Amino acid sequence: MASTNSQVSARAQARKRTAEALAQRRRRDEENAKHLDMFFESVERESVIDDETERKIERIRAEADEKKNSLSSAKRDALAGIKDNGETIGTIAEWTGLSTKEVRAVLAQKHSRKDATASVESAGADRETVPDSVAAAS
C-alpha cells in the first residue's frame, strides 16, 4: 500500500506543481497583456501627438507663407516704383544688393489686387524712411 500511497502522493504533487505552473503562467499572461496594453496605448498617444504637431506645423507654414506673400508683393511694388521713376535694373540691383536677375524676378512676380492695395498703403507710410543714400541718388 505504501507504493500506492506514494503514487497518489506523487500524482497529487505533480498536479499541484502543474496547477501552480499554470497559475504562474496565467499571472505572466495577464501581466504581459497589461504591459502590451500600456505599450499600444503609448503608441496611439504618440501618433496623436505626431498628428497634432503636423497640423500645427502646416498651420504655421500657411501663416508664414501668407505673410511672406504680402511682403513679396510689397517688395515688388517698391522695386516697380523705383523702376517707374526711371531707374535701371542695374541701378536697382546696386542699391538693393540683389543681382539683376533677382531684381527682374522680383519685378516679374504676380500679386493679387488685395496685396497690391495693402502694399501701396504700406509703401506710402514707408516713403518717409527712405535711406539717405537712395534719396541722394534719385
Side-chain angles (χ1 to χ4, degrees):
M1 268 242 191
S3 88
T4 306
N5 281 340
S6 68
Q7 285 179 344
V8 170
S9 175
R11 281 187 205 143
Q13 288 177 355
R15 286 183 185 139
K16 182 180 177 183
R17 283 192 303 269
T18 302
E20 288 173 358
L22 288 174
Q24 286 178 351
R25 181 71 221 175
R26 274 193 296 272
R27 279 193 302 276
R28 284 196 313 269
D29 287 345
E30 288 172 3
E31 287 179 14
N32 288 339
K34 287 177 189 176
H35 291 297
L36 283 171
D37 285 343
M38 285 176 22
F39 172 79
F40 286 115
E41 185 177 318
S42 296
V43 168
E44 287 175 23
R45 286 182 182 174
E46 191 174 54
S47 178
V48 168
I49 290 169
D50 288 343
D51 291 344
E52 289 174 357
T53 302
E54 285 302 315
R55 281 193 300 273
K56 288 177 183 177
I57 289 170
E58 287 174 18
R59 181 179 43 83
I60 290 170
R61 280 194 177 128
E63 290 172 4
D65 286 345
E66 185 178 322
K67 289 176 184 177
K68 286 171 66 175
N69 286 339
S70 68
L71 293 175
S72 293
S73 180
K75 289 189 310 187
R76 184 208 170 279
D77 290 344
L79 295 187
I82 295 170
K83 187 168 182 333
D84 290 345
N85 283 336
E87 300 301 333
T88 65
I89 300 286
T91 302
I92 295 170
E94 184 180 326
W95 289 351
T96 60
L98 300 173
S99 68
T100 55
K101 184 178 179 179
E102 291 169 321
V103 170
R104 284 188 182 96
V106 171
L107 289 170
Q109 290 174 350
K110 303 214 186 246
H111 56 64
S112 69
R113 179 176 286 151
K114 175 182 166 187
D115 288 342
T117 304
S119 62
V120 167
E121 290 171 359
S122 67
D126 291 341
R127 287 200 181 163
E128 295 175 21
T129 60
V130 174
D132 291 337
S133 61
V134 174
S138 0

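Because the structure is a prediction, the values reported are computed rather than measured.
We find the NZ-CG distance between K75 and L98 to be 8.0 Å, quoted to the nearest 0.5 Å. Put simply, CG on N69 and CD on Q109 are 9.0 Å apart, with the number rounded to the nearest 0.5 Å. Expressed to the nearest 0.5 Å, how far CG of D65 lies from NZ of K67 amounts to 11.0 Å. Separation of atoms CZ (F40) and CD (E46) is listed at 12.5 Å; rounding is to 0.5 Å. With values rounded to the nearest 0.5 angstrom, D51 atom CG is found 8.0 Å from E54 atom CD. R45 CZ to E41 CD: the interatomic distance, rounded to the nearest 0.5 Å, is 4.0 Å.
Residues E52 and K56 are not paired through a salt bridge, judged by the lack of any N-O separation under 4.0 Å between the basic side chain and the carboxylate.
Counting heavy atoms of neighbouring residues, nucleotides and ligands inside a 6.0 Å radius, atom CZ of R61 does not exceed 12 of them.
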Legend entry - Steps toward side chain to side chain contact (heavy atoms under 4.5 Å, CB included) verdict (T100, R104): CA-CA 6 Å; T100 55; R104 284 188 182 96; 3.7 Å; yes
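Nearest heavy-atom pair, S99 versus A93, reported as atom, atom and distance to 0.1 Å: C-CB, 3.9 Å. Nearest heavy-atom pair, A80 versus L107, reported as atom, atom and distance to 0.1 Å: N-CD2, 3.4 Å.
The side-chain hydrogen bond (donor to acceptor under 3.5 Å, both in side chains) test applied to T91 returns T88, not counting sequence neighbours.
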Enumerate, atom names and distances included, each donor-acceptor pair closer than 3.5 Å involving a side-chain atom of residues 25-38, sequence neighbours excluded.
residue, atom, partner, partner atom, Å
R25, NE, D29, OD1, 3.1
R25, NH2, D29, OD1, 2.8
N32, ND2, R28, O, 3.3

